[in-house]
There are 2 protein chains.
Amino acid sequence: MSTTDTSVIHDIRDVARVAGVSIGTVSNVLNRPHMVADTTRERVEEVIARTGFVRNASARHLRQGRTRTIGLVVQDVMNPFFTEVARAAEDAATDSGYLLYLCNSAGSPEKEAAYLRALVEQQVSGVLLTPLQEIPAVMNTLRARGTPVVLVDRASEQPDQCSTAVDDVHGGDLAASHLLSIGRRRIAFISSTWSIRQCADRRAGVRRALRRGPAVRTRSPAGTGRAGDDDAGRG
Amino acid sequence: MSTTDTSVIHDIRDVARVAGVSIGTVSNVLNRPHMVADTTRERVEEVIARTGFVRNASARHLRQGRTRTIGLVVQDVMNPFFTEVARAAEDAATDSGYLLYLCNSAGSPEKEAAYLRALVEQQVSGVLLTPLQEIPAVMNTLRARGTPVVLVDRASEQPDQCSTAVDDVHGGDLAASHLLSIGRRRIAFISSTWSIRQCADRRAGVRRALRRGPAVRTRSPAGTGRAGDDDAGRG
DNA sequence: CTGAAAGCGCTTACAG
DNA sequence: CTGAAAGCGCTTACAG
């Protein structure tokens, strides 16, 4: 078998055969190159480069018991707010060598549950979820399996449930306080339906600021102290 | 072992044990339920439902040789055009029982190549790609492995390369023709840099329409015959 | 209709 | 430093 043998390479086994080493050694070149003698390593690397061998993640993950993938379940990717979340999540995932599953629940609890189930099947390392209403029942499965789940844009009732969310009460307070601080006294609040938590929270914040009244009677320059600009059209 | 045994269920083996059947039978219940006797099937299904067993996709895919996942590599998810592509792709994937990897090349050929490689490792069933400039070299690997790749928003030079793209020349022609048909004679064309193919193509289409001149001297009602509205801010 | 067994392609102790 | 071997959790012919 000549060293320029380029016959079909699919396996790590084929690589081993062409390089004249055991598959364990090929695997070591891939995963712990420092444990392999330089000359052996170079030979194997040459074969890999020349044949374009790519390892099979399914086999790798099955053996290792983890997949280095995470799932993102959002209500609607078209919504700029979630698009930004998706973009940032994908960025962060990549930086850590993870791949991201994009799942669009489209407002359907059934789709949401189906996705969560599918993600568990995929053995994802973690899940980012924008829950629709109730925390879905499948969450128990994830919990039981120890799959980390982080709620996005929604605080959780459960004390042991991680979540990230904007403090919209504070946002409303900030906005109204700013207006008060520059001397405004007749303030209008335009929003969407109060059934959207974010909107109701901002109103509560605005009211709190109004109740408190202007703090100090100094004027800040116009255009300064923008507040509450976390509103990215979720309403 | 009582039938209410709920001890840790991780395996299809655990399910088999609890249900008192072989793992082959459990697999059959999952994949070809019609081949299993009703009473056996029901028993197994009961155990699966009660224990919340979820199968391991890594093992399944390794054995089956295919993953039912597809990769989407876009230049920028934040761009509304690609967001819409992502959304639609994800929808279609879900409808066919596939999961979608979201990959944001962010204008970097290196990231693009790395993603393509990662997707090959994942053994994706197919790839949707918005190429940055040149068709990347990794494409050869995909081609060699027979992984289907569809170029998005970009026609390919290679005759055997699938692609979907808007006919922007036609779009520009349509827009200019419309203006001509309603009697406009002094037409301005506002666009981005000509180095963006879409923009240059539209200009070519506009010019073609102007060269051809007004076809018929009839007026269509205002607001009719909108054309070239496929421009979703790619420039 | 059901079970036993092989095998998917890797990684990882374990010997040598 | 290297190789042989077990095993990750499934699916799928193949017997029975």
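In what follows, chains carry the letters A, B, and so on, assigned in the order in which the sequence lines appear, proteins first and then strands, with residues in each chain numbered from 1.
- Residue contacts shown for B/Ser58 are absent, as no nucleic acid heavy atom lies under 4.0 Å away.
- In summary, A/Arg143 and A/Asp160 engage in a salt bridge, as defined by a charged side-chain N under 4.0 Å from a carboxylate O.
- Atom P of nucleotide C/dA13 and atom CE of A/Met35 are separated by 10 Å, given to the nearest angstrom.
- Nucleic acid contact for B/Asn28: base, since at least one base atom lies under 4.0 Å from a heavy atom of the residue.
- Mapping B/Ile23 and B/Ala59 onto DNA chain C by nearest heavy atom places B/Ile23 at the nucleotide closer to the 5' end.
- Comment: B/Asp11 does not engage B/Arg17 in a salt bridge, judged by the lack of any side-chain N to carboxylate O separation of less than 4.0 angstrom.
- For the pair A/Arg32 CZ and D/dT2 P, the computed distance is 13 Å after rounding to whole Å.
- For D/dT11, the OP1/OP2 oxygens have a side-chain nitrogen or oxygen of B/Arg60 closer than 4.0 Å.
- Taking atom CZ of A/Arg41 as the reference point, atom P of D/dC1 lies 10 Å away to the nearest angstrom.
- A salt bridge is defined here as a Lys NZ or Arg NE, NH1 or NH2 lying under 4.0 Å from an Asp or Glu carboxylate O, and B/Asp76 with A/Arg87 meets this definition.
- One finds no side-chain N or O of B/Arg63 lying less than 4.0 angstrom from the OP1 or OP2 phosphate oxygen of C/dA6.
- At distances below 3.5 Å, not a single donor-acceptor pair connects side-chain atoms of A/Thr69 with backbone N or O atoms of A/Leu99.
- The neighbour count for B/Arg13 CZ, taken as heavy atoms of other residues, nucleotides or ligands under 6.0 Å away, does not exceed 12.
- One finds a side-chain N or O of B/Asn31 lying less than 4.0 angstrom from the OP1 or OP2 phosphate oxygen of D/dT11.
- Set against D/dC10, C/dG9, C/dC10, the side chain of A/Ile12 has C/dC10 as its closest nucleotide.
- In a base pair of the Watson-Crick type (N1 to N3 plus N6-O4 or O6-N4) or a G-U wobble (N1-O2 and O6-N3), with each distance short of 3.5 Å, D/dA4 is matched with no nucleotide.
- Not one side-chain nitrogen or oxygen of B/Thr25 sits closer than 4.0 Å to the OP1 or OP2 atom of C/dC1.
- In this entry D/dA13 has no Watson-Crick or G-U wobble partner, no candidate having both defining distances under 3.5 Å.
- Going from atom CD of A/Gln64 over to atom C1' of D/dG7 covers 14 Å, rounded to whole Å.
- A/Gly24 comes within 4.0 angstrom of a nucleotide base, judged by non-hydrogen atoms across all strands.
- As a whole-Å value, the separation of B/Arg13 CZ from C/dA4 C1' is 13 Å.
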